Amino acid sequence: MSDTQHLYLVDGSSYIFRAYHRLPPLTDPEGTPVGAVYGYTTMLWKLAEDLDKAEGPTHLAVILDKDSKSFRNEIYDQYKANRPPAPEDLVPQFPLIRDATRAFSLPCIEEAGLEADDLIASYARAAAKQGWDVTIVSSDKDLMQLVSKGGDGVGEIDMLDTMKNQRISIPEVEEKFGVGPELVGDVLALMGDSVDNIPGIFGIGPKTATKLIQEHGSLTAALDAAEGMKASKLKERLIEHRADAEISRVLVTLKEDATLPQPLEEFKLDGVPPEPLAAFLEKHGFTSLLRRLDAGAGSPSKTNDLNPAKQDNKSEAHAPTGNRQELPEWPDVDRDAYECVQSMERLEHWVARAMAARVVAVDTETSSLDAISADLVGVSLALGPNDACYIPLAHGGSDMFAEKPDQVPLEDAVAALKPLLESDAVLKVGQNIKYDLNVLARHGIHVAPIDDTMVISFALDAGRGTDGIGGGHGMDELAERHLGHTCLSFKEVCGTGKKAIPFGEVPLDKATQYAAEDADVTWRLWKMLKPRLPVEGGTRIYERADRPLIPVVAGMEREGIKVDRAALSRLSEEFATRTSAIEGEIHAIAGEEFTIGSPKQLGDILFDKLGYKGGRKGKSGQYSTDQAILERLAGEGAPIANKVLEYRQLSKLKSTYTDALQDAINARTGRVHTSYSLVGAQTGRLSSTDPNLQNIPIRTEIGREIRKAFVPEDGNVLLAADYSQIELRLAAYMADVPQLKEAFANGEDIHARTAQEMFGSVDRDTRARAKTVNFAILYGISRWGLGGRLGIEADEAQAIIDTYFQRFPGIQNYIHETLENVRERGYSETLFGRKTWFPRINSKNQAERQGSERAAINAPIQGTSADIIKRAMTRMLPALAEAGLPRVRMLLQVHDELVFELPTSDVDAASPVIERVMAEAAQPAVMLDVPLGVEIGTGTSWDAAH
DNA sequence: AAGGTCACG
DNA sequence: GACGTACGTGACCTTG
């Protein structure tokens, strides 16, 4: 059988569209866009490499569409009528496809009045008929009709999707359509195709189409059976739109007997002559391929092992990574140089020196990690390299110490330190100084002015170091990066796990080494980082947004919020009862007891024991059992799926919220105090931990029960103020989209307006789809993602995206320009100058690069929104005080929402102030031409305030 | 410690 | 040449 001929038919037209959308917008030395051509060239190269292999081609031809009209337009004038025009930078690439094909010395077939699909069908059948095997290089679903097994002197026809590197034979077709290739046309005729504008039957998608054909065996049978069906929407549609289905059946039928413009024999492959190929590669600057051609002595088919792109996956292109500077001429950290301050006299000496120095690095040591409940154990100060001290204040008390060490009494020390820490003339520098602010506030010290090395690092380098806790701005990490110094770790000093001791039990010599080192390192970091701010454009965001926010957020953390413990406790009990009942039901259905909370065990029960369909996923080879999968199973009539979903929901609510929040109530204040991280999110958003109060349930009825437990003190109410659609408003401004700006100015429903622009009409369906598309845009879109969300094919999603860009060209420009900028400079920027770095934006790893691109599209929008609410927060309490409303307390921030607690009698006066401060927060630095809408609600719970 | 899942904007 | 599919978070559970 070794002399079997194998014909490859390359569907060039569909390939170039796919290549266009998945490759970066490359241009050749002359400025012609060539991204898609490059993709096409590498694909041909790969095919040519397979020439000598068993499965490889003996004959090959590229088939192209000649023009946009075909005989199908005569049958149905709307055929492909709503297809948007090809993107501007794709058009000049069409002729280059022919050039590329010729460069490989391959035949290129096209014929007026026929689509590439028809030529492919005719060639495939002709070749198979004379016993050749045929591989169609395409992933077009219409072509799947041709897949066949062969035998009896007839060759086999399969398909090859080079992008997914997947062979498509009969099983793959059956998997996709639920029927064999001979019935694919019937399914397609029912479901239609919005890209080609094949009508199908309105309201019937792939699922229903497959089901009908499976049940009835053919399209005609299914249509005939409609009369006998029980009354339903489906029945009506089948009857009413029968003609649509019939014309669709004709349109999807491939013409298999077209006259062949060139005989099959002429497609014989004889290697690839290098000269024309080299000339082509050179002309368009495809240098890596050119190198491979040179190295491979002529033919790509002999250069299998060379793949330069693969070898340096790690190189991160040219995005600046410079985090390191020349080290100043400082002595190395010397932990034995630090002083342990144990007398009032020495303390006063240090305070006097610090006053004179004008800058002091400060660090506090405490009994626990939680700033609100922690007790002060000691304070360290640093005035220069190795010029640092530790002032122990509450060490001893256990048998670690033979007797309590000499220490300045806490109150005396506080009195001595207070003038220094509150002096306008002395800058206090800390690493995460918000923590120290909160600790010291409990002792009546209101530290100011301040600088924070962690926040400075964030303003300079957000996104640069993606690994490590604290987003790469923790002290140990900064010390390593900027000073080449390894700090004494907390673990080394206090131990870990059960053997851990509180800092107050650490002997003074060791405590001094650790604590004073922190202050010393903080001082050095400040000396290195602070001067970079003006040089690297970080001053604006640090001085105007982040630094002033530190004491504000510290205040919010100290305020905390009251939660109704009894209400949470009741909910916990209710959830416990219900989960255990559901657990029993699930075990009954499964026929055995297992741990429902274990995705592994659950997956084995669902897919192995109970035999539901659903593939493996991920590297672990474990079944996925997430919400989307379970909802699908539930829709297919698996009773266990809904039970598991309910079980999951309730146990999540119980463990993460009703149980955990009770434990989070502070014994001293009776309230819950979250901790906000100012450097938690690369985009500039805050994040909230211990507990996270930025993800309290709201989307479901049962979840909102938890929100009801967040309450005001007697005589007060909670007030929630939300920015409405702030990110879309910012996108409308930043991308300059007149229709969206106008809609916001008029207070219109923005998703409805988008639906009108996109689909020409507004109903529930189009509005929902428009909303999804709007969000997709903000998040950096991909047609697979959008397709998944909308439940449509990726190519249909692509058509929607194209329409969106056509209607709102500003958005496309914004995305293009943002990415160009990020690729060139390495970072994105918000309207207020916040930078986020994307070191992988030019990565050769496509997944990595595309991930960075999506994040980079989103970062300026999400980040600008974060900047705005930060500005509002900083101005809020002074504005309220000025309005005579000092009793309004700002408690929480949830990205686009602020939560306040205030006397009921203050609501009327406070609401307009809050509204105004938020709405005007961008000004005067940025004058938006879109209004910022703010919605305010009040109530006796956080839920009621919405 | 990692992976899976799910709560929020 | 292959990879995974919407951005940004944090907490909890199970398992290795």
Side-chain angles (χ1 to χ4, degrees), chain A residues 22 39 42-43 45-46 49 162-166 288 304 306-311 313 471 595-603 617-620 622-630 644-645 648-649 651-657 659-661 664 674-675 677 680-700 703 706-707 722-723 725-727 772-789 794 797 836 844-863 865-866 869 893-897:
Chain A
R22 57 183 292 144
T42 55
M43 186 221 18
W45 187 291
K46 194 179 154 204
E49 281 182 347
T162 52
M163 285 190 181
K164 292 186 181 151
N165 204 19
Q166 187 194 20
S288 65
N304 294 342
L306 275 176
N307 183 354
K310 208 170 189 171
Q311 287 160 15
N313 244 350
T595 309
I596 304 167
S598 162
K600 185 174 183 299
Q601 292 185 34
L602 177 64
K617 171 176 140 178
K619 300 144 212 153
S620 60
Q622 205 179 303
Y623 291 115
S624 171
T625 65
D626 67 16
Q627 210 166 356
I629 301 274
L630 291 174
V644 173
L645 282 167
R648 284 236 182 103
Q649 183 187 30
S651 53
K652 170 99 181 175
L653 294 178
K654 182 172 186 293
S655 66
T656 307
Y657 300 104
D659 288 352
L661 282 173
T674 184
S675 170
S677 170
Q682 319 260 318
T683 52
R685 275 191 177 177
L686 305 186
S687 70
S688 160
T689 60
D690 306 309
N692 182 353
L693 294 186
Q694 289 181 322
N695 72 346
I696 301 302
I698 191 170
R699 293 173 187 171
T700 64
I706 291 160
R707 247 171 216 249
D722 286 66
Y723 281 113
Q725 308 285 5
I726 186 168
E727 293 194 3
T772 301
V773 178
N774 275 331
F775 279 108
I777 296 294
L778 297 181
Y779 295 151
I781 198 162
S782 93
R783 55 213 151 110
W784 293 276
L786 183 63
R789 293 276 167 142
T836 303
K844 295 197 168 125
N845 177 323
Q846 182 175 269
E848 216 169 55
R849 185 179 67 245
Q850 291 180 337
S852 291
E853 287 172 355
R854 292 192 295 269
I857 290 165
N858 180 248
I861 299 169
Q862 189 182 115
S865 160
I869 197 166
Q893 188 252 42
V894 193
H895 311 306
D896 63 0
E897 171 186 8

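In what follows, chains are A, B, ... by sequence order, proteins preceding strands, each numbered from 1. Quick caveat, the model's predicted, so the values are computed rather than measured.
In this structure, A:R854 reaches the C:dC7 phosphate: one of its side-chain N or O atoms is under 4.0 Å from OP1 or OP2. Put simply, A:S687 has a side-chain N or O that comes within less than 4.0 Å of OP1 or OP2 on C:dG10. Proximity of A:Q682 to the phosphate of C:dC7: no side-chain N or O atom is located under 4.0 Å from OP1 or OP2. OP1 or OP2 of B:dA7 sits under 4.0 Å from a side-chain N or O of A:Q627. In this model, the phosphate group of C:dT15 is approached by a side-chain N or O of A:S598 to a distance below 4.0 Å at OP1 or OP2. Taking only side-chain nitrogens and oxygens, A:S624 comes nearer than 4.0 Å to OP1 or OP2 of B:dT5. For A:R648 and B:dC6, the shortest distance from a side-chain N or O to OP1 or OP2 is below 4.0 Å.
Counting any heavy atom pair closer than 4.0 Å across all strands shown, A:T625 reaches sugar-phosphate atoms only and no base atom. Backbone-only contact: A:Q601 has heavy atoms under 4.0 Å from sugar-phosphate atoms and none from a base. Heavy atoms of A:N695 sit under 4.0 angstrom from at least one base atom. Among the protein residues, A:A866 comes within range of no part of the nucleic acid, since none of its heavy atoms lies under 4.0 Å from any strand. Residue contacts for A:S688: at a heavy-atom cut-off of 4.0 Å it reaches the sugar-phosphate backbone alone, with no base atom in range. Among the protein residues, A:T772 comes within range of the nucleic acid bases, having at least one heavy atom under 4.0 Å from a base atom. Contact annotation for A:R789: base contact, defined as any heavy-atom pair under 4.0 Å involving a base atom. Within the 4.0 angstrom heavy-atom criterion, no nucleotide atom of any strand lies near A:I861.
C:dG4 and B:dA7 have their P atoms separated by 25 Å, with the value rounded to a whole Å. Using atom C1' as the reference point in both C:dC3 and B:dC8, the two lie 29 Å apart (nearest Å).
Following rounding to the nearest Å, A:K654 (NZ) and B:dC6 (P) show an atom-to-atom distance of 18 Å. The distance from atom CD of A:E853 to atom P of C:dC3 is 19 Å, rounded to the nearest whole Å. Taking atom CD1 of residue A:I857 and atom P of nucleotide C:dT5, one finds them 17 Å apart after rounding to whole Å. For the pair A:Q694 CD and B:dA7 C1', the interatomic distance rounds to 12 Å; values are reported in whole Å. A:D896 has its CG atom 14 Å from the C1' atom of C:dT9, to the nearest Å. For the pair A:I696 CD1 and C:dG10 P, the computed distance is 14 Å after rounding to whole Å. One can place CD of A:E727 at 8 Å from C1' of B:dG9, the figure rounded to the nearest angstrom. In this structure, A:Y723 atom OH and B:dC8 atom C1' are separated by 19 Å, rounded to whole Å.
Remark: the A:Q846 side chain and the C:dC3 base include a donor-acceptor N/O pair separated by less than 3.5 Å. You'll find a donor-acceptor pair under 3.5 Å spanning the side chain of A:Q850 and the base of C:dG4, going by distance alone.
Listed by chain and number, the residues in a side-chain hydrogen bond (donor to acceptor under 3.5 Å, both in side chains) with A:S865 amount to none (sequence neighbours excluded).
Which of C:dT9, B:dA7, B:dT5 sits closest to the side chain of A:Y657 comes down to B:dA7. When each of B:dT5, C:dT14, C:dC7 is scored by its nearest atom to the side-chain atoms of A:N858, the top-ranked nucleotide is C:dC7. Considering only the side chain of A:D626, B:dC6 comes nearest among C:dT5, B:dC6, C:dA11. Among C:dA11, B:dG9, C:dG8, the nucleotide with an atom closest to any side-chain atom of A:N692 is C:dA11. In this structure, the nucleotide among C:dT5, C:dG8, C:dC7 sitting nearest to the side chain of A:T683 is C:dG8.
Salt-bridge formation is not detected for the pair A:E848/A:R854: no Lys NZ or Arg NE/NH1/NH2 atom is positioned less than 4.0 Å from an Asp or Glu carboxylate oxygen.
Stretches of at least 3 consecutive Watson-Crick or G-U wobble pairs, with each checked distance under 3.5 Å, appear in DNA chain C as B:1-9 with C:7-15.
Once rounded to the nearest 0.5 Å, the distance linking CD of A:Q649 with NZ of A:K654 reads 15.0 Å. A:Q601 contributes atom CD, which lies 4.0 Å from atom OG1 of A:T595 (distance to the nearest 0.5 angstrom). Rounding to the nearest 0.5 angstrom, the gap separating the CD1 atom in A:I596 from the OG1 atom in A:T625 is 11.5 Å.
Between A:K46 and A:S655, the residue anchored closer to the 5' end of DNA chain C is A:K46, taking for each the nucleotide with the nearest heavy atom.
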